[in-house]
2 protein chains.
Amino acid sequence: MAVSILDVAKRANVSISTVSRVVNRSELVNAKTRARVETAINELGYRPNAFARGLMLRRSEIVGLVLPDLHGEFYSEIIRGANIQARESGYNLVVFSARDRDDSQPLLNAIQRRTLLDGIAVMVSELTDRTQEVLAQVPMPVVVLDGDVNGGPHDNVVINQREGAVALMRHVVHACGARRMLFIGGLETNVDTIARYEACRQVLAEIGRDIDPADVFHLDYEYETAYNLGTQRISDWIGDGNCVFAANDEMAAGILAAANAAGIAVPQQLAVVGFDDTRVARMTHPPLTTVRVPMSRMGASAIELLCERIGDMERPPRRVSLSPELVIRESCGHALRV
Amino acid sequence: MAVSILDVAKRANVSISTVSRVVNRSELVNAKTRARVETAINELGYRPNAFARGLMLRRSEIVGLVLPDLHGEFYSEIIRGANIQARESGYNLVVFSARDRDDSQPLLNAIQRRTLLDGIAVMVSELTDRTQEVLAQVPMPVVVLDGDVNGGPHDNVVINQREGAVALMRHVVHACGARRMLFIGGLETNVDTIARYEACRQVLAEIGRDIDPADVFHLDYEYETAYNLGTQRISDWIGDGNCVFAANDEMAAGILAAANAAGIAVPQQLAVVGFDDTRVARMTHPPLTTVRVPMSRMGASAIELLCERIGDMERPPRRVSLSPELVIRESCGHALRV
DNA sequence: CGCGTCATTGACAACGCTTTCATTCAAGGA
DNA sequence: TCCTTGAATGAAAGCGTTGTCAATGACGCG
């Protein structure tokens, strides 16, 4: 049986109240007594019981992070950032992920199951009504990550996707002379995919063009599927001013590999750009032009916001907006034109 | 204020004991009463308070996973596997990581701080005496991941590194004709690095050779540093029968990139092999010959073992050994010889 | 010398749950 | 009819904290 506050009290010849005061650094305890209690605590190796403590204080110092998936560097970096920030703020982090590729529904249920969390940060891949509804009912502080919850009741951190994607497209169009875009996204309902696609069309519109629906593909953000698609179609895509815009770097890398395998020179015969600036982007051949999404920062900001909110339930909802950054490497053909 | 068991009891006109029995699926409650209680629970949206529950039951259904770092796919996959298995076993997972590149010392402290965890799985990068000592004192079930704790008191899951590295080396030496090895590891004290290095020498010894100390490098497992090293030295490495053995795929990818940049043909002028079979391995040019380490399986097995142990504190320590698998692609030059 | 003040400490009531033990009541056997 | 039995339920004792409030005693002042 673990040593309890009572054991310490007995050993130090004081009451449990005094021990509690010492543990919680209350000022109103005599220096001598404090020393005696501290000795007892060390000798006994006493650790306050977190359950009893939580029962009184109604907080666990644990926050949750809910992600749609755990696969790949994108989520992994978010977790890393979140974890560091959580530790920084004195919290522990527990990670939840949706089973399968379902929406985060089952997840939220899992969370509601127990009242152990002080709050959660939720990242949703598709912001359905159902998800919104569940979100509104979560009985604890919530911050929404990357969901564009306009004026919702929650704090949230958003990536200004549109801005990043537009910057990328402008570069590709104006500096690299792209005219025909081939868009490779994730699921059609995915919020990121939608934002990137819109940006693509917007910039094309600026030069009086549009994207051919036949040039739009919806995959699953994975390298292999993109590689397969590339292997099948890439010969149709070759041409000066043609550019593949993959909604993440992994898929861009897949296209690049398919191009290499087919003996197609990138960017001379076909330009390729990605999104996220994950580690792969520097490892492809040629290195990828892409947009750096501050992944770990996203995680960190979400947790920071969450902890602030836990500390002050009254303050009005805040929104943190993170800006992506254009990263120009060689796959876009920039070097060819300058 | 949240709804408590008492509210439910009042609403259903029963005592809290009965409500508790219903919640915990005890059989000894009349069908009609049970129905009444369940209705009340739903109407009120009652959720048992996890703290109170934990206080009585002395378990939180939360387990910890301690990693030396959170960077990169290797750890990310371990987390993913662990997370899935934890959910499977009815636990939540909280992840801890060492600050900086320090040993896991501060970590374990952080964990001891609170008594909330039912157990922890610990992965150590360097098994120092200090770490061992701390490990022995952790006041809860522990499983050690990949640490070769011989006959230690803990359950553990090990990767049979040696076996994998030897298989790789045999292939490289016998099928690909390697004679001079260039070894690129992580820190000299890193257990993985040591195992891989030993295997390298062992197989070399089998053909009456050894590795030249000048051909051994200790980096940090990162792509960039390997790339830099490669850029500096690679011209010295060219030669038939010469082969770079990088202790992970990222570094191997760095070397490959340096080779590409220098116009060196891999594997014709220099063979390169990696370790882990992370996603990069399929994306390099040429694709990497490597050893597949079942990363997510490692995480899952550790958690599985941990949960079993929590369920039965008496059973003798178990050890799960996972075997890596040789993955032959093109960077080793195999195709050239067959 | 008596009394108010203040610093220090202790007693005890929560917190919300599980679990043991006692109680109630209906049915069945003698 | 009375007693035994067993199923269903309730009362109450913790579990280990925190926080409120009261008690104690030393000290200074009138």
Side-chain angles (χ1 to χ4, degrees), chain A residues 1-41 44-62 90 112-118 139-140, chain B residues 1-41 44-62 90 112-118 139-140:
Chain A
M1 182 60 52
V3 11
S4 85
I5 198 172
L6 188 59
D7 301 316
V8 178
K10 278 181 187 154
R11 176 130 187 166
N13 260 315
V14 294
S15 74
I16 58 170
S17 317
T18 302
V19 178
S20 175
R21 278 188 277 258
V22 169
V23 170
N24 296 298
R25 322 212 161 292
S26 163
E27 290 312 316
L28 10 97
V29 36
N30 182 285
K32 262 184 165 159
T33 322
R34 149 164 293 133
R36 200 148 33 98
V37 172
E38 277 167 352
T39 315
I41 288 179
L44 263 38
Y46 166 71
R47 310 261 159 228
N49 180 303
F51 296 113
R53 184 169 237 261
L55 187 53
M56 283 302 295
L57 264 32
R58 326 189 119 339
R59 43 196 187 82
S60 58
E61 286 162 355
I62 298 180
Q112 287 190 311
R113 236 186 47 196
R114 295 279 175 246
T115 23
L116 250 180
L117 271 39
D118 288 348
M140 55 183 139
Chain B
M1 181 61 50
V3 10
S4 84
I5 197 173
L6 188 60
D7 300 317
V8 178
K10 280 181 185 154
R11 175 128 186 170
N13 260 315
V14 294
S15 73
I16 59 169
S17 319
T18 303
V19 178
S20 174
R21 279 189 276 258
V22 169
V23 170
N24 297 299
R25 325 214 159 290
S26 162
E27 291 311 317
L28 11 95
V29 37
N30 182 286
K32 262 184 165 158
T33 321
R34 149 164 294 133
R36 202 149 32 101
V37 172
E38 277 166 351
T39 315
I41 288 179
L44 263 37
Y46 166 71
R47 311 261 159 226
N49 179 302
F51 295 113
R53 184 170 238 261
L55 188 53
M56 283 304 294
L57 265 29
R58 337 194 75 67
R59 40 195 189 84
S60 58
E61 285 162 355
I62 299 182
Q112 287 190 311
R113 235 187 48 198
R114 296 277 173 249
T115 22
L116 249 179
L117 271 39
D118 287 349
M140 56 183 139

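Sequence lines set the chain letters: A, B, ... in the order given, protein chains first and strands last, and positions in each chain run from 1. Only heavy atoms go into these numbers, but all of them, side chains included; no hydrogens, no water, no symmetry mates.
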Each nucleotide N or O in nucleotides 19-28 of chain D that has a protein N or O under 3.5 Å away: list the pair and distance.
{"residue": "dG19(D)", "atom": "O6", "partner": "Ser17(A)", "partner atom": "OG", "Å": "3.4"}

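If you take CG of Leu55(A) and P of dG16(C), they are 7 Å apart, rounded to a whole angstrom. For the pair Asn13(B) CG and dA8(D) P, the interatomic distance rounds to 19 Å; values are reported in whole Å. Put simply, CZ on Arg59(B) is 9 Å from P on dT19(C), counting in whole angstrom units. Note: NZ (Lys10(B)) to C1' (dT9(D)) measures 18 Å, nearest angstrom. Across the protein-nucleic acid pair, Phe51(A) atom CZ and dT18(D) atom C1' stand 17 Å apart, rounded to whole Å. When rounded to the nearest whole Å, the span between CD1 of Ile41(A) and P of dG16(D) equals 16 Å. Put simply, CG on Leu116(B) is 15 Å from P on dG16(D), counting in whole angstrom units. As rounded to whole Å, 18 Å separates atom C1' of dG16(C) from atom CZ of Arg53(A).
Partners of Asn24(A) according to the side-chain hydrogen bond (donor to acceptor under 3.5 Å, both in side chains) rule, which considers only residues two or more places apart in sequence or in another chain, are Ser20(A), Arg53(A). Take Thr33(B) and apply the side-chain hydrogen bond (donor to acceptor under 3.5 Å, both in side chains) test, not counting sequence neighbours, and it matches no residue.
Separating the CG atom in Leu55(A) from the OG atom in Ser60(A) is a distance of 12.5 Å, to the nearest 0.5 Å. Considering CZ of Arg34(A) and CD1 of Ile41(A), their distance stands at 10.0 Å, rounded to 0.5 Å. Note that CD1 of Ile5(B) is 14.0 Å distant from CZ of Arg47(B), once rounded to the nearest 0.5 Å. Residue Leu57(A) holds its CG atom at 10.0 Å from CG of Asp118(A), rounded to the nearest 0.5 Å.
Nearest approach of Tyr46(B) to Val23(B), heavy atoms of both residues: CE2-CG2, 4.0 Å. When all heavy atoms are compared, the tightest approach of Glu38(B) to Val22(B) is CG-CG1, 3.9 Å. When every heavy atom of Leu116(A) is checked against every heavy atom of Phe51(B), the shortest pair comes out as CD2-CE2, 3.5 Å. Smallest separation of non-hydrogen atoms from Asn49(A) and Arg58(B): ND2-NH2, 4.4 Å.
Within a 6.0 Å sphere centred on CZ of Arg59(A), heavy atoms belonging to other residues, nucleotides or ligands number 12 at most.
Helix bend of the helix from dC1(C)-dG30(D) to dA30(C)-dT1(D): the angle between its two end axes, each built from five pairs, comes to 70° after rounding to 10°.
At a threshold of 4.0 angstrom between heavy atoms, the contacts of Val23(B) with the nucleic acid are absent.
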Exercise answer: donor-acceptor pairs, residues 7-14 of chain B side-chain atoms, under 3.5 Å, sequence neighbours excluded:
{"residue": "Asp7(B)", "atom": "OD2", "partner": "Ser4(B)", "partner atom": "N", "Å": "2.7"}
{"residue": "Arg11(B)", "atom": "NE", "partner": "Glu43(B)", "partner atom": "OE1", "Å": "2.9"}
{"residue": "Arg11(B)", "atom": "NH2", "partner": "Glu43(B)", "partner atom": "OE1", "Å": "2.6"}

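When each of Leu6(A) and Val14(B) is assigned the nucleotide of DNA chain D bearing its nearest heavy atom, the one mapping closer to the 5' terminus is Val14(B).
Listed by residue number, the members of residues 30-40 of chain A with any heavy atom below 4.0 angstrom from DNA chain C are Asn30(A), Thr33(A).
Out of dG10(C), dC17(C), dT17(D), the shortest distance to the side chain of Pro48(A) is found at dT17(D). Of the candidates dG16(D), dC15(C), dT18(C), the closest approach to any side-chain atom of Arg58(A) belongs to dC15(C).
Residue Ser4(B) has no polar side-chain atom (N or O) positioned under 4.0 Å from OP1 or OP2 of dG16(C).
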